Amino acid sequence: MTQPPQPTSEPSRYLPDKPSLEGLEAKWSGVWAEQGVYSFDRTKTREQVYSIDTPPPTVSGSLHVGHVFSYTHTDAIARFQRMRGKEVFYPMGWDDNGLATERRVQNYYGVRCDPSLPYDPDLVLPEQPGKQQISISRRNFTQLCDQLTKLDEQAFEELWLRLGLSVDWSMTYATVGARSRAVSQRAFLRNYQRGHAYMAEAPTLWDVTFRTAVAQAELEDRDHPGAWHRIAFHCAGDSAHSNSAPDNRVYIETTRPELLPACVALVAHPSDERYTHLFGTTVRSPLFDVEIPVVAHRAAEIDRGAGIAMCCTFGDLTDVQWWRELDLSTRAVVGWDGRVVAEPPTGLSSTAGREAYAQLAGLTMHSARQKVVELLSASGDLEGEPRPITRPVKFYEKGEKPLEIVTTRQWYIRNGGRDDELRAQLLKRGTELSWHPDYMKVRYDNWVEGLNGDWLISRQRFFGVPIPMWYPLNADAEPDYANPIVPHEALLPMDPSSDTPPGYDPTDRGKPGGFAGDPDIMDTWATSSLTPQIAGGWGSDEDLFARVFPMDLRPQAHEIIRTWLFSTLLRSHYEHDQVPWQHAGISGWILDPDRKKMSKSKGNVVTPMALLEELGSDAVRYWAASARPGTDTAFDTGQMKVGRRLAVKLLNASKFVLGLGEADAPANLADVTELSKVTEPLDNAMLGDLARAVDAATIAFEAYDYSRALERAEQFFWFFCDNYVELVKTRAYGEHGDAAAASARTALRLALRAQLRLFAPFLPFATEEVWSWWQRGSVHRSSWPTADELGGQRVTSQVALESGLLGTATTLIGAIRKAKSDAKLSMRTEVDRATIYATVDSLPHVQAVLGDVAAAGRLRHTETVCRPAPDGHSVPVGRDELSVELSL
RNA sequence: GGGCGUAUAGCUCAGCGGUAGAGCACUCGGCUUACAACCGAGCGGUCGCAGGUUCGAUCCCUGCUGCGCCCACCA
């Protein structure tokens, strides 16, 4: 066995007989780690650094080809910037914070967190989770969270290593780690101290399954079946208003009849003449017999339902608006558990009403609806049958039941949703970013313009960053929320449920005159919105932070512009008064081949590790990098096979070029004197074309268009292999003299050296393998190719003539191939005589390349005839004579 | 309801104010000493529809249609 070469050793002249992609991932990822090829040099200044605000993957989610897709894009950019001479700050983060982890731990271990239980240091769980979830303490629970996320993080790291991400693994962070918790709590406290964070008791969108508040950014609309119910309210007295129904009733239509006991008003549009006579009067609700005012509000829609709506506390956000703006009563009936609360609301005082209510108390919303419909039918207040409809209903994105609105005390961060001036500032911040692709900015603008309230950041969950606040308790042990006890920044991270505020004794917890900790944790985005600060060492390593912040690039997917991008920008706006990055690179999604979003449930998810093992990382990276920025892309193994073919071709072509001879192998091709060996016009023409491809790829990369950079490199490479290499092959063997051979070999080597570097960001393994055969160091620390090193001005001055030459030669060899193909001859068939027709203008070109063309086409004798080609195309005359007609 | 994107070969996608491109698939030919997991040649398109601007439109403008996505107060 031949020892694999080491990148720091002398060029090894090691050329495998049969180059292969197998094993390159393990070999080179190991070498890179060992030699710290991607380690960040923190002595560099901000100007010298290119910093990336890595998206920390949710480790409790499944590994998905979508991950491979978008992280490859970022890695290609990182590698390009590194080769351009930037010191790339490219850490990895793990998002192990929040509900995703909680849920995974519950299912994986079969446990459930009960914060009232004491910690059990000797907890032993059954090997297989049982049917019944085991209740454990909060501390035990979070320990299991830590334990499981460690496993998940390992799986991700293995994947990333195999994919070849050029991450500095010594700088990894986790969003629930101590550093992240400290940053998150510090930023929150500063928001609080500046008045950007506040606490309020207000109607809140509430998930009854997870029993937590959720934020606007976590909502999604889903089509949900429901039904219109036409319900009669009773007008007071013997009203003689002609517009009332003849039976003195007012009909409303609702999809939420179960909220009838929560009704606080009927609302119609001020200009709706059907109801104007009722404004200012009251009606009585059916079943519950509560006196209900009829009021006017512009938000009521004349042509929706009956045109008059039942306003409940709270059925939807319009109800909240009406309740606020019209100063209506409050009759909450939905409890935290999603069931009808036991006590009837105020105002529900009649005996009949209380009896009706008693039949609902404790029921789920679903059952309560059936019961109310039953009662209304019996009382004759339901007109007709419910009419089924499907309408959009708000869900928590991770939830399975429609959201309710429950009044709770929560923490908020101002986000412009209630403040036009702040909103305008944030919109302006959006313009300070370079968006790639630029139209993605519209999504940001839409989101900011559509915000309808401040950002609710508290969550009634267990695993996450605690809200760092205590509250003094009064003589009745009730918390004084208006005067929280704020911890010192030096004490962060802290947990108010186990830490004791200064001046108190742990035994004062929960006692009159004592203190209580805030029981809630923060929304996962409240921490993730600080990834530039976490990764950069804000507050703990200000020296590092100054060298990396604001960052250059935020890569992310488009669906989290409203969450991650927006919230990060908001926090940076508050804390640093600037945008957190210069560029936002937005990736698309992976769709399955049917153009649907890939989903686990459909069984079409491919495990990325298996893909990498089967096709090779370079192949999969090629597929990812072929997708235009921001574009949703079909999962396509065909494209990966194309990438694999490219990588194999690169190995083989390199082997050929490097195998042409050791004697004149230049030790340092960066030495421009090598260029003087390139004497043949055809060789210079090729280098000139390559120089243009290099320029095009560079411009594309600088504009974050990695796919175009790859396309240009690839386009040139196939042309190089199929035409140039074939044309100069025999000359390179030395059949036309040493100088001509040296010209070809040097050009081939210069071209190979440049092309390996063009491909390095995309095919890091194959390019590194080839680089190691003949160059020092890692290709990934070499410099990005330039037009200058390929001849620059020298080539450019002759460009007109020489690119014409290359075109002529390519056309000629193509015509010869076609002639042979039409004659059903092997390409190696020797042709005794060929006639090449040409115009006067092109004749010099033809004659200049005739030697290479004749050799490549295996033409023994050629004749050039100076006249336009006869009609038709190439005419194969036979094995011993070939007429090649050209339109030149 | 508002917005963004998109529509090009059987499939996946580039492109561009001036004679329509690539890969895959398909057909034919070739084991040509870098590569048969390869090479060569070929077949294949009213550039979604309708108008407009222009000497000229696949490209620019307007409208329409299909698809995808984002957003929107769910009575």
Side-chain angles (χ1 to χ4, degrees), chain A residues 15 17-21 219 221-224 226 228-229 252-256 259 263 266-268 299-301 304-312 315-322 389 391-395 402-403 405 437 439-447 449-452 558-559 561-562 588-589 591 593 595-597 623 626-628 630-636 638-639 641-646 648-660 707-708 711 714-715 718 721-722 725-726 729 733 813-814 816-829 856 858:
Chain A
L15 272 190
D17 288 340
K18 202 86 173 126
S20 159
L21 298 175
L219 305 183
D221 284 356
R222 292 185 203 158
D223 279 338
H224 197 65
W228 283 111
H229 300 76
I252 60 99
E253 297 201 46
T254 181
T255 58
R256 302 283 311 265
L259 292 180
C263 180
L266 299 190
V267 189
E301 290 175 48
R304 186 182 194 113
I308 186 163
M310 163 175 95
C311 174
C312 307
D316 62 26
L317 294 174
T318 310
D319 287 345
V320 178
Q321 183 189 3
W322 285 331
I389 55 158
R391 81 280 192 225
V393 175
K394 286 199 186 311
F395 280 74
L403 292 174
I405 296 175
Y439 59 79
M440 288 294 180
K441 176 176 177 292
V442 177
R443 298 199 182 199
Y444 173 83
D445 293 343
N446 279 350
W447 176 251
E449 284 160 5
L451 286 167
N452 58 24
H558 52 61
E559 87 273 18
I561 288 174
R562 68 176 185 171
W589 273 337
L591 310 175
R595 310 298 301 167
K596 305 260 170 55
K597 195 180 174 188
W623 159 74
S626 303
R628 298 217 111 58
T631 309
D632 292 346
T633 302
F635 175 76
D636 182 4
Q639 193 67 5
K641 286 173 183 163
V642 172
R644 183 174 176 87
R645 211 166 59 106
L646 173 66
V648 170
K649 186 82 173 176
L650 196 60
L651 295 180
N652 282 317
S654 301
K655 183 197 157 197
F656 169 73
V657 168
L658 298 175
L660 280 170
S707 63
R708 184 173 303 275
E711 184 190 291
E714 189 188 8
Q715 191 185 346
W718 286 107
C721 291
D722 295 346
V725 169
E726 294 303 323
K729 207 178 233 180
Y733 287 144
I813 193 69
I816 292 165
R817 284 168 178 162
K818 177 160 167 46
K820 288 189 177 179
S821 183
D822 286 349
K824 303 203 187 297
L825 298 172
S826 159
M827 290 301 136
R828 74 185 298 202
T829 309
R858 294 175 182 261

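In what follows, every heavy atom counts, from backbone to side chain, and hydrogens, waters and symmetry copies are set aside. Numbered from 1 within each chain, the chains take letters A, B, ... in sequence-line order. As the structure is a prediction and not an experimental result, all values here were calculated from the model.
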Looking at A:Glu714 and A:Lys649, is any side-chain nitrogen of the basic one under 4.0 Å from a carboxylate oxygen of the acidic one? no

The side chain of A:Thr318 is closest to which nucleotide in this list: B:rC24, B:rG68, B:rC73? B:rC73

I'd like the P distance from B:rA25 over to B:rG66, given in whole Å. 35 Å

Within the structure, does a side-chain N or O atom of A:Arg304 lie under 4.0 Å from either OP1 or OP2 of B:rC73? no

Please identify each residue that fulfils salt bridge (charged side-chain N to carboxylate O under 4.0 Å, His left out) with A:Arg708, with sequence neighbours left out. A:Asp705

Taking atom C1' in both B:rA9 and B:rG2, compute the distance separating them and give it to the nearest angstrom. 36 Å

Whole angstrom value for the distance that separates P of B:rG40 from CG of A:Asp822: 16 Å

Taking B:rC39, B:rU12, B:rA75 as options, the one with an atom nearest any side-chain atom of A:Trp718 is B:rC39

Testing B:rA14, B:rA75, B:rG3 for proximity to the side chain of A:Ala300, the answer is B:rA75

Give every pair of a protein N or O atom and an N or O atom of nucleotides 70-72 of chain B that lie under 3.5 Å apart, one pair per line with the distance.
unit_1, atom_1, unit_2, atom_2, d
B:rC71, OP1, A:Arg562, NE, 3.0
B:rC71, OP1, A:Arg562, NH1, 2.4
B:rA72, OP1, A:Gln216, NE2, 2.9

Can you find a side chain N or O atom of A:Thr255 that sits less than 4.0 Å from OP1 or OP2 on B:rA75? yes

Select one nucleotide: of B:rG29, B:rA75, B:rG15, the one nearest the side-chain heavy atoms of A:Thr254. B:rA75

Between P of B:rC13 and CD of A:Glu714, the distance in whole Å: 16 Å

Closest to the 5' end of RNA chain B, once A:Ser821 and A:Glu253 are matched to their nearest nucleotides, is A:Ser821

Atom CD of A:Glu301 and atom C1' of B:rC73 are separated, to the nearest Å, by 7 Å

With P as the reference atom in both, quote the distance from B:rG23 to B:rG42 in angstrom, rounded to an integer. 12 Å

If you write RNA chain B from 5' to 3' in dot-bracket form, with Watson-Crick or G-U pairs under 3.5 Å, [ ] for crossing pairs and | for pairs with another strand, what do you get? (((((((..((((....[..)))).(((((.......))))).....(((((..]....))))))))))))....

Contacts of A:Phe395 meeting ring pair (Phe, Tyr, Trp, His ring centres under 6.0 Å) (sequence neighbours excluded), chain-then-number -> A:His224

Which whole-number value in Å describes the distance from A:Arg817 CZ to B:rC28 P? 22 Å

After noting the C-alpha distance and the side-chain angles of A:Thr255 and A:Arg391, does the key distance pass the side chain to side chain contact (heavy atoms under 4.5 Å, CB included) rule? CA-CA 10 Å; A:Thr255 58; A:Arg391 81 280 192 225; 3.5 Å; yes

Taking only N and O in the side chain of A:Lys820, is any of them less than 4.0 Å away from OP1 or OP2 of B:rA41? no

Residues in side-chain contact (heavy atoms from CB on, under 4.5 Å) with A:Arg858, at least two apart? A:Lys820, A:Arg828, A:Glu830

If the sugar-phosphate is the primed atoms plus P, OP1 and OP2 and the base is the rest, what is the B/S/- string for nucleotides 31-37 of chain B, using protein heavy atoms under 4.0 Å? -B-BBSB

Just checking A:Glu449: base, sugar-phosphate only, or nothing, at a heavy-atom cut-off of under 4.0 Å? nothing

Length of the line joining A:Met310:CE and B:rC73:C1', which is rounded to integer Å: 16 Å

Can you identify which nucleotide, out of B:rG42, B:rC4, B:rC28, has its nearest atom closest to the A:Lys824 side chain? B:rC28

